[in-house]
Amino acid sequence: MDYQSLLDNIFDEVNKKKERGKVADYIPELAKIAPHKFGMAFVDETGRLYTCGDAKEQFSIQSISKVLTLSLAFSILGDDLWQRVGVEPSGDPFNHLSLLEQEQGKPRNPLINAGAIVIADILVSHFENPKETLLDFVRKIANDSSISFDESVAISEKETGFRNYAAAYLIKSFGNLENDVDTVLDFYFHQCALRMSCEQLAKVFFIYANRGKCLQNNPYLNVQQVKRINALMLTCGFYDEAGEFAFEVGLPGKSGVGGGIVALLPEQFCIATWSPGLNEKGNSRLGMVALEKLTTKTGLSIF
Ligand code: DON
């Protein structure tokens, strides 16, 4: 298949759209991003890269980072991880607290904010310098040492992330947080503030499309663990829009409020899109439209 023409055609069709959603502004630093940006990067089953638009420009990956921290925690704890966090979709927005109270501090899944905060706690407990460990992990998979945190985004969220403080204190009150709230959230705000381009994201997430084989002697994830992470992306990666994403696109994936989406078809491809305007569920509007076109035009989806 001519993936470059496919990508270029989708880009041209989607980029004409006037209704591009609303840039996230609850993290003030994110509100500064130009809403017209749009890029896509695609990696085929051989690892070959195709790009279009602003695919090389870095942005804040936000919740997409939750898949990466989940992977690290899973590689350390194995299935014991599921004693601290569940594997069911929440059907709620990413920052909701009510289920956490009802279910006594065990978050429904690792991809909502509460679940990612528990994962952050595990990494803070286990590693002497968890931020460096996370950077090493991502840089190694991407084979790119330039990937870093955007300190201004991390600070901006630290000053305004009141719902995350509320979630962390609630989790702590139920005994499911080992470290102090400030330390855990400092790590969490930094993971969300990872700056990456579509190109870098597609290369990193190729590890999930390729079932971990692309990393020689993969010390992190075995095939079964990749299967479980992909299942979580499918059922929980888009919060209360996970059903809609499966219905429209039909791929495991993950979004972030910086406007990025990654999605993949096991053994076939991985794609990253970036358009900062979000729909009312907090997922990139143009990204979802582009991915629907990709799977509909090619017939390539898990269904
Ligand atoms: O914790 C937050 O609210 C943000 N740092 C991340 C939220 C996010 O990206 C939700 N995804 N669509």
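Both ligands and their constituent atoms are indexed starting at 1 by order of listing. Predicted model, so just to flag it, every value in this text is computed and none were measured.
For ligand 1, the atoms sitting less than 4.0 Å from at least one non-hydrogen atom of Ser63 are 6 (C), 7 (C), 8 (C), 9 (O), 10 (C), 11 (N), numbered in the order shown with element in parentheses. Of all atoms in ligand 1, numbered sequentially from 1 with element shown, those under 4.0 Å from a heavy atom of Val257 are 7 (C), 8 (C), 9 (O), 10 (C), 11 (N), 12 (N). Listed by number with element, the atoms of ligand 1 under 4.0 angstrom from any heavy atom of Gln62 are 4 (C), 5 (N), 6 (C), 9 (O). Set against the non-hydrogen atoms of Gly282, the atoms of ligand 1 under 4.0 Å away are 12 (N). When each atom of ligand 1 is checked for a heavy atom of Asn113 under 4.0 Å away, the hits are 1 (O), 2 (C), 3 (O).
No donor-acceptor contact under 3.5 angstrom links the side chains of Asn176 and Gln104, judged on distance only. Under 3.5 Å, the side chains of Ser65 and Gln191 contain a donor-acceptor pair of N or O atoms.
Ion pairing between a basic and an acidic side chain is recognised when a charged N comes within 4.0 Å of a carboxylate O; Lys297 and Glu13 show such pairing. Using a 4.0 Å cut-off between charged side-chain N and carboxylate O, Asp92 and Arg108 make no salt bridge. With salt bridges taken as basic N to acidic carboxylate O contacts below 4.0 Å, one links Glu178 and Arg84. The residues Asp144 and Lys203 are annotated as not salt-bridged, no charged nitrogen and carboxylate oxygen being separated by less than 4.0 angstrom.
Residue contact annotation: Asn95 has no non-hydrogen atom under 4.0 Å from ligand 1. In this structure, Tyr239 is part of the shell of residues with a heavy atom less than 4.0 angstrom from ligand 1. Proximity of Tyr26 to ligand 1 is established by a heavy-atom distance of less than 4.0 Å.
Proximity of Tyr188 to ligand 1, defined as any heavy-atom pair under 4.0 Å, is confined to the side chain (atoms from C-beta onward). In Leu278, neither the side chain nor the backbone holds a heavy atom less than 4.0 Å from any atom of ligand 1.
In terms of hydrophobic clustering, with Ile, Leu, Val, Met, Phe, Trp and Tyr side chains grouped at heavy-atom distances under 4.5 Å, Val23 and Phe59 are assigned to different clusters.
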Go through it in stages, so that I can follow the logic: the residues are Phe205 and Tyr208, the test is ring-ring contact (aromatic ring centres under 6.0 Å, His included), and I'd like the CA-CA distance, side-chain angles, deciding distance and then a yes or no. CA-CA 5 Å; Phe205 275 73; Tyr208 305 104; 5.1 Å; yes
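Every N/O-N/O distance between Cys192 and ligand 1 stays at or above 3.5 Å. Taking only nitrogen or oxygen atoms, main chain and side chain alike, Phe94 does not reach within less than 3.5 Å of ligand 1.
Pairs of residues two or more places apart, or lying in two chains, that qualify as salt bridge (Lys or Arg N to Asp or Glu O under 4.0 Å) and include a residue from residues 228-253 are Asp240-Lys281.
The single protein non-hydrogen atom nearest to atom 2 (C) of ligand 1 is Glu157 OE2, 3.1 Å, given as residue, atom name and distance.
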